[in-house]
There are 2 protein chains.
Amino acid sequence: MFSKACEYGIKATIYIAVKSMRQERVSLKEIAEEVDSPVAFTAKILQSLAKNGIIDSHKGPTGGFQIEESKIDTIKLHDIVHAIDGDKIFSGCGLGLEQCDARQPCPVHDKFVGIRDNLKIMLQNTSLYELATGLEIGLTHLKR
Amino acid sequence: MFSKACEYGIKATIYIAVKSMRQERVSLKEIAEEVDSPVAFTAKILQSLAKNGIIDSHKGPTGGFQIEESKIDTIKLHDIVHAIDGDKIFSGCGLGLEQCDARQPCPVHDKFVGIRDNLKIMLQNTSLYELATGLEIGLTHLKR
DNA sequence: ATTATTTAGGATAAATTTGTCCGAAATAAG
DNA sequence: CTTATTTCGGACAAATTTATCCTAAATAAT
Ligand code: FES
Ligand code: FES
């Protein structure tokens, strides 16, 4: 469904959000540990999220990653997925035709579009805030 | 969403079904042309579908692939996807935890399970027959 | 029997995704 | 200013997926 990079990116962003709600910055190393992801690979993903304006990065001692608190509520899961995996998952053809086109649909088009749109709506309606809150109160987990 | 192998496999199966409804066998070469897929790669996928009992294969002149006509109605999209991509897509965790477990859910579990189940239900309810019919009457297309 | 045709299957290669390594750049603190 | 720390970014490597090649096995037709 999502790429490995996207899975790590989502988990990392949620963890950063939890810390940011406590006005804490968090280092790459700590993120990778909490998210159970390879450090250097996670660095690339965070870099890309920073370029997409989803998280902020700071170099040097006391450096690390954080998310502007006012943004935590407005950032949606959709934004994270889109930043890392692009929009193929939201608009691509289920059978891999160059583009999904209702005027020349593939055999699964009618059935597939509904699922795809549900996914998109779900991701657009899910805020980073609720994901971070669920984690903070111990309702959900990033690793096992 | 689906692997490339699965996309090819679905398209190939639909094409074979259309031909089988006319009591025609179809060769690998013709399938690959109609589905716009690499010949040798398609061969592997068809081999796997044959092993999974979804299609029948016959060697030699006049050989090729076909589907038992009585099966066309009972084979579901789910069977094809499951044969090629396994069941990770149906039961795997959206954030890549080793297994999805509602008692120790990842942050997206509640939101994700609904989408995943919808997909599963859709695939279980979509018969090869309806997909093949849509293609035969020119309503849908395998390439563009 | 021989031949031509078609799928089976193993080995290999290319492409993509995932993951690592290391020096450069920024920056906080002594 | 120097040093230690942390992210940045490019090059490289490993793993997986996608794709190719070639020989063997089956089989239909002559
Ligand atoms: S054309 Fe294939 S999903 Fe729309
Ligand atoms: S635990 Fe992640 S989707 Fe169920």
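Within every chain, numbering begins at 1; the chains are lettered A, B, ... in the order of the sequence lines, protein sequences first and strands thereafter. Note that these values count all heavy atoms, side chains included, but never hydrogens, waters or copies made by symmetry.
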[atom1] of [X] versus [atom2] of [N]: gap in Å, rounded?
X	N	atom1	atom2	answer
B/M1	D/dT17	CE	C1'	19 Å
A/K51	D/dT7	NZ	P	16 Å
B/E30	C/dT7	CD	C1'	15 Å
A/E7	C/dT17	CD	P	14 Å
A/F65	C/dT27	CZ	P	14 Å
A/L28	C/dA26	CG	P	19 Å
A/I84	C/dG19	CD1	P	13 Å
B/D85	D/dT16	CG	C1'	13 Å

Do [X] side-chain atoms and [Y] backbone N/O form a donor-acceptor pair below 3.5 Å?
X	Y	value
A/K11	B/L95	yes
B/K71	B/G53	yes
A/T126	A/L123	no

Audit row: B/H58, B/D56, side-chain contact (heavy atoms from CB on, under 4.5 Å) steps and yes/no: CA-CA 7 Å; B/H58 293 272; B/D56 297 324; 4.3 Å; yes
Ring pair (Phe, Tyr, Trp, His ring centres under 6.0 Å): pairs with one or both residues in residues 76-98 of chain B, sequence neighbours excluded: B/H78-B/H82, B/H78-B/F90
Below 4.0 Å: OP1/OP2 of C/dG9 and any side-chain N or O of B/Q47: yes
Nucleic acid footprint by protein, nucleotides 18-30 of chain D - heavy-atom cut-off 4.0 Å, B for base, S for sugar-phosphate alone: SBB-----BBB--
Salt bridge (charged side-chain N to carboxylate O under 4.0 Å, His left out) contacts touching residues 133-144 of chain B (sequence neighbours left out): B/R22-B/E136
